[in-house]
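Along the sequence shown, residues are numbered consecutively beginning with 1. Whatever order the structure lists ligands and atoms in, that order sets their numbers, starting from 1.
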Amino acid sequence: MLTKKMETALNRQIELEGYASFLYLSMASWCDNEGLDGCAQFMHRQSDEERAHMLRIFHYISDVDGHAIVPAVKKPPAKFKSVQEMFKQVYTHEQKVTKSINELVALCYEVDDYGTLNFLQWYVEEQREEEALMRSILDRIKLIGDGPQNLYFIDNEIKKVNEAEMAAGAAENEAEA
Ligand code: FEO
């Protein structure tokens, strides 16, 4: 059984993961428009992942007899200054999500909710991986250079990162099956 305080906090996390899904979908659309197919594929996959993160919490709340609430759709930005700026925004959003997960973990201790603490461990690890991934992408963009003449190389690089992430995800699913 969830405390009201924990239920509210988990519903806020649903909102944050849902917004991430919409923000990354908007980024995918911008990338498509800019002819950056590799980046678009990457952002579409990230958007799907965030929806899965949102649903995982949604189902958890229902499983422990709480009430999961569908959040309002907040419109994300539709345009981005550059690929580098876009990935900087992704990194900033992921840091915000990490902070929120850490606050949820702290709340678990406050209200003695060790079931939710256990549930959140997956998110703690996921956020460590997400932040590391975004940092490595920003490092690569910095190395290649963000000028218009380098966009083709950046896009190819992100395409490779996306393929590696898809392969890792498939291996993870196989191991869980
Ligand atoms: Fe689910 Fe990347 O935050």
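Between Tyr123 and Tyr60, the ring centre distance reaches or exceeds 6.0 Å.
Between Arg12 and Glu15 there is no salt bridge, since no side-chain nitrogen of the basic residue lies less than 4.0 Å from a carboxylate oxygen of the acidic one. At a threshold of 4.0 Å, the pair Glu110-Lys5 counts as salt-bridged, since one of the basic side-chain nitrogens sits closer than that to a carboxylate oxygen.
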- Can Lys160 and Glu163 be said to form a salt bridge (Lys or Arg N to Asp or Glu O under 4.0 Å), step by step? CA-CA 5 Å; Lys160 276 190 259 169; Glu163 283 164 0; over 6 Å; no
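By the criterion of side-chain heavy atoms lying less than 4.5 angstrom apart, applied directly or through intervening Ile, Leu, Val, Met, Phe, Trp or Tyr residues, Leu143 is not grouped with Met134; the two fall into different hydrophobic clusters.
Around atom 1 (Fe) of ligand 1, the protein contributes the following N, O or S atoms under 2.8 Å, ordered by chain and number: Glu17 OE1, Glu50 OE1, His53 ND1.
Note that CE of Met6 and CG of Leu107 are 4.0 Å apart. Values are rounded to the nearest 0.5 Å.
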